[in-house]
Amino acid sequence: MSGSPVDWGVSEAADALARKEVSAVELAQALLTRADKLEPQLNALTWRDSEAVLTAARAADEARAGGDSRPLLGVPVAVKDVLSVAGQPCTAGSKILQGYVAPFDATAIARLRAAGCIFIARTNTDEFAMGGSTETSVYGPTRNPWDVARAPGGSSGGSAAAVAARLAPAALATDSSGSIRQPAAFCGVTGFKPSYGRVSRFGCVALASSLDQVGPMARSVADAAAIYQAMAGHDARDSTTSARPVGDVLAAVRAAKDLRGLKLGVPAEFFMPELDADVAQRVRAAVDECRALGAQIVEVSLPHTAYGMADYFVLSAAEASSNLARYDGVRYGFRADADELGDMYDQTRGQGFGAEVKRRLLVGTYVLCRGAAEEYYRRAQQVRTRIRRDFEQAFAACDAIAGRDDPVSMYRGDSLTATANLAGLCALSVPCGFTAEGLPVGLQILAPAFHDELALRIGAVYQQATAWHESRPPMGED
């Protein structure tokens, strides 16, 4: 296997480990050493324990020596700081969870652990995943490996930056309105949001329960598919997960060669004149590449796209106000000093929550109160239904939809990604070029709910024909 171990993706690392060209200890040590070098500039990681990681790597090497042939045995994965990993802190980037150590594994973690993965570090996130830039974290902002003066996107910016900077071959993240796809586009990596209900949310700190989804970030679609397949499927501890079979998605992705027979829809609403022309040009070039690979390009319309971000904000704030009520200083995490119980609640939340979280909780509480619920919350649910119907009509005319992630404006980027969460679709972001300033651009591919394999196959074929995903930022190069 050529190149430095830190440059290997999931598949390359797994192959090298299987052939015993490198040990799990050597691979983990190389990544830990690189993190020591780059973290002062990057701030992508909130926690790492080198001794624990190397102990897990030694156990993986011993298991392999004993005949264990699990495909991901010894492969390191970073974890967004909203997913519970037994024995590791889980703070969701917030002071209010300071001191909390998870006593159990989230289902996604347990399944990856069963597949042999090593959890090398926890990654930075906007506080309770509320933000689009990874700047609201109590640990401070994460920086983009392509330009440390810029944001990596959010709320999963730590995961995207870690993969891009070669601190881990893959990372887990969450997506409520584009929080996997947007930072993947900002940082030039592949990010996949599975269909709602395909990956269990058990053990994931909740933002908005009807929107949150756990998914992978990686160097390539094939690598993302490998991580996705290992953790997808029904979970009795999450009633929203589907019992539909997952199938051998990775094999289908690896076997995909062209896009013949597929209709790829391009919504006019994704290319509005006010959006960045530089980004639009590169996304249109990516769509042309898909045409050259055999796809038929058709125009479709998603007329309620413009309402997606406002709709997301109302619904997510309402759900967050309910989900975050549990953080009161009584059961776990930070507790403020106070003489009276009511004062303790007030002081704990006042000191423990950051400004962005407080703002959203106030909005969420208001839109659920008597009088406002009918005007805001109920109307937002009606708009959500219309957005879902827009996609149903569009998918009647095409198999999948190609669009854009906008790395120039966070709000505009979210407005193009939030509708997939509102409709429960699967969505993928793959690198498709660079702006004139040298910043990565992402092509977004959306497919109907539970057609995750289709979205991944399209992305994999595109990556076979292009090399954008192989580009790496200059950070850390001597």
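What you see is a predicted model, and the numbers here were worked out from it, not measured in a lab.
- Here Tyr228 pairs with Phe192 under the ring-ring contact (aromatic ring centres under 6.0 Å, His included) rule; sequence neighbours left out.
- The ring-ring contact (aromatic ring centres under 6.0 Å, His included) check on Phe313 picks up nothing, with sequence neighbours excluded.
- For the residue pair Ala106 and Leu83, the shortest heavy atom distance occurs at CB-CD2, 4.1 Å.
- Here the shortest heavy-atom pairing between His469 and Pro431 reads CA-CG, 3.9 Å.
- The minimum heavy-atom distance linking Glu127 with Phe353 is given by the pair OE2-CA, 3.6 Å.
- Among residues at least two apart or in separate chains, salt bridge (charged side-chain N to carboxylate O under 4.0 Å, His left out) pairs with a member in residues 148-162 are Asp147-Arg150, Arg150-Glu437.
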What pairs of donor and acceptor atoms, side-chain ones from residues 391-401 against any protein atom, are under 3.5 angstrom apart with sequence neighbours left out?
{"from": "Asp399", "atom 1": "OD2", "to": "Lys263", "atom 2": "N", "distance (Å)": "2.7"}

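- By the 6.0 Å contact criterion, CZ on Arg254 is open, its count of non-hydrogen atoms from other residues, nucleotides or ligands being 12 or less.
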Legend entry - Pair Thr241-Asp235, side chain to side chain donor-acceptor pair (under 3.5 Å): steps then yes or no: CA-CA 6 Å; Thr241 54; Asp235 178 15; 5.9 Å; no

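- With hydrogens and angles ignored, the 3.5 Å screen pairs a side-chain donor or acceptor of Ser156 with a backbone N or O of Thr174.
- Asp81 meets the salt bridge (Lys or Arg N to Asp or Glu O under 4.0 Å) test with Arg122; sequence neighbours excluded.
- When atom types are taken as modelled, the side chain of Ser322 and the backbone of Ala318 share no donor-acceptor pair closer than 3.5 angstrom.
- Thr134 and Thr142 are not linked by any side-chain donor-acceptor pair at a separation below 3.5 angstrom, with hydrogens and angles left out of the test.
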Inset, instruction - Kindly indicate, with the supporting measurements, whether the criterion side chain to side chain contact (heavy atoms under 4.5 Å, CB included) is fulfilled by Leu172 and Leu112. - result: CA-CA 10 Å; Leu172 293 191; Leu112 288 175; 3.7 Å; yes

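- Under the salt bridge (Lys or Arg N to Asp or Glu O under 4.0 Å) criterion, Arg291 pairs with Asp288, not counting sequence neighbours.
- The salt bridge (charged side-chain N to carboxylate O under 4.0 Å, His left out) contacts involving residues 309-326 comprise nothing, where partners must be two or more places apart or lie in separate chains.
- For the atom pair Ser155 OG and Glu135 CD, the distance stands at 12.5 Å (nearest 0.5 Å).
- Aromatic pair Phe434/Trp146: centroids less than 6.0 angstrom apart.
- Relative to the six-membered ring of Phe271, Arg284 meets both conditions, a distance below 6.0 Å and an angle of at most 45° to the axis.
- Counting only distance, with no hydrogens or angles, the side chain of Thr125 and the backbone of Ala92 share no donor-acceptor pair below 3.5 Å.
- Within 6.0 Å of the CD atom in Gln382, the count of heavy atoms belonging to other residues, nucleotides or ligands exceeds 12.
- Paired with Phe128 under the rule side-chain contact (heavy atoms from CB on, under 4.5 Å), one option of Leu97, Thr91, Val82, Thr136 passes, and it is Leu97.
- Summarising the geometry of Arg198 relative to Pro245, their closest heavy-atom pair is NH2-O, 3.4 Å, with the distance given to 0.1 Å.
- Residues Lys80 and Thr123 bring no donor and acceptor atom of their side chains to less than 3.5 Å of each other.
- Looking at residues two or more places apart in sequence or on another chain, you find a ring-ring contact (aromatic ring centres under 6.0 Å, His included) between Tyr100 and Tyr332.
- Pairing each heavy atom of Val430 with each of Tyr462, the nearest pair is CG2-CD2, 4.0 Å.
- More than 12 heavy atoms of other residues, nucleotides or ligands shown are found within 6.0 angstrom of CZ on Arg237.
- The CG atom of Asn323 lies 4.0 Å from the OG atom of Ser209; values are rounded to the nearest 0.5 Å.
- Gln182 contributes no side-chain N or O that, together with a main-chain N or O of Ser179, makes up a donor-acceptor pair within less than 3.5 Å.
- In this structure Arg384 satisfies the salt bridge (Lys or Arg N to Asp or Glu O under 4.0 Å) test with no other residue, sequence neighbours excluded.
- Listed by first and then second residue, the salt bridge (charged side-chain N to carboxylate O under 4.0 Å, His left out) pairs that reach into residues 440-463 are Glu453-Arg457, sequence neighbours excluded.
- The closest donor-acceptor contact from the side chain of Gln464 to the backbone of Ala256 lies under 3.5 Å.
- The structure places CE of Met130 at 9.0 Å from OG of Ser94, a figure rounded to the nearest 0.5 Å.
- Identified under the salt bridge (charged side-chain N to carboxylate O under 4.0 Å, His left out) test for residues 368-381, with sequence neighbours left out: Glu374-Arg378.
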Validation: residues 212-227 side-chain donor-acceptor distances under 3.5 Å, sequence neighbours left out:
{"from": "Asp212", "atom 1": "OD1", "to": "Ser176", "atom 2": "OG", "distance (Å)": "2.5"}
{"from": "Asp212", "atom 1": "OD1", "to": "Ala208", "atom 2": "N", "distance (Å)": "3.2"}
{"from": "Asp212", "atom 1": "OD2", "to": "Leu207", "atom 2": "N", "distance (Å)": "2.9"}
{"from": "Asp212", "atom 1": "OD2", "to": "Ala208", "atom 2": "N", "distance (Å)": "3.2"}
{"from": "Gln213", "atom 1": "OE1", "to": "Gly197", "atom 2": "N", "distance (Å)": "3.2"}
{"from": "Gln213", "atom 1": "NE2", "to": "Val199", "atom 2": "O", "distance (Å)": "3.0"}
{"from": "Arg219", "atom 1": "NE", "to": "Val163", "atom 2": "O", "distance (Å)": "3.2"}
{"from": "Arg219", "atom 1": "NH1", "to": "Asp7", "atom 2": "O", "distance (Å)": "3.1"}
{"from": "Arg219", "atom 1": "NH1", "to": "Trp8", "atom 2": "O", "distance (Å)": "3.0"}
{"from": "Arg219", "atom 1": "NH2", "to": "Val6", "atom 2": "O", "distance (Å)": "3.4"}
{"from": "Arg219", "atom 1": "NH2", "to": "Ala168", "atom 2": "O", "distance (Å)": "3.1"}
{"from": "Ser220", "atom 1": "OG", "to": "Asp223", "atom 2": "N", "distance (Å)": "3.1"}
{"from": "Asp223", "atom 1": "OD1", "to": "Ser11", "atom 2": "N", "distance (Å)": "3.0"}
{"from": "Asp223", "atom 1": "OD1", "to": "Ser11", "atom 2": "OG", "distance (Å)": "2.8"}
{"from": "Asp223", "atom 1": "OD2", "to": "Val10", "atom 2": "N", "distance (Å)": "2.9"}

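- Side chains of Asn124 and Thr46: no donor on one and acceptor on the other come within 3.5 Å.
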Legend entry - Stepwise side chain to side chain contact (heavy atoms under 4.5 Å, CB included) check, Thr435 with Val279: CA-CA 6 Å; Thr435 67; Val279 175; 4.3 Å; yes

Inset, instruction - Take Glu269 and Ser301, measure what side chain to side chain donor-acceptor pair (under 3.5 Å) needs, and give me the verdict at the end. - result: CA-CA 7 Å; Glu269 293 81 3; Ser301 180; 2.8 Å; yes

Legend entry - Steps toward side chain to side chain contact (heavy atoms under 4.5 Å, CB included) verdict (Asn421, Lys193): CA-CA 9 Å; Asn421 298 78; Lys193 184 202 88 69; 3.5 Å; yes

Inset, instruction - For the pair Leu446 and Phe270, evaluate side chain to side chain contact (heavy atoms under 4.5 Å, CB included) and give the outcome as yes or no after the intermediate values. - result: CA-CA 12 Å; Leu446 301 94; Phe270 280 18; 4.1 Å; yes

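- With hydrogens and angles left out, the side-chain atoms of Gln463 and Thr190 include a donor and acceptor closer than 3.5 Å.
- Put simply, the side chain of Ser84 gets close to the backbone of Gly203: a donor and an acceptor are under 3.5 Å apart.
- In plain terms, the two heavy atoms of Asp126 and Ser133 that are nearest each other are OD2-N, 3.3 Å.
- At least one donor-acceptor pair under 3.5 Å links the side chain of Gln229 to the backbone N or O of Val249.
- Taking the six-membered ring where tryptophan is involved, the planes of Phe104 and Phe202 are tilted, since the angle between them lies from 30° to 60°.
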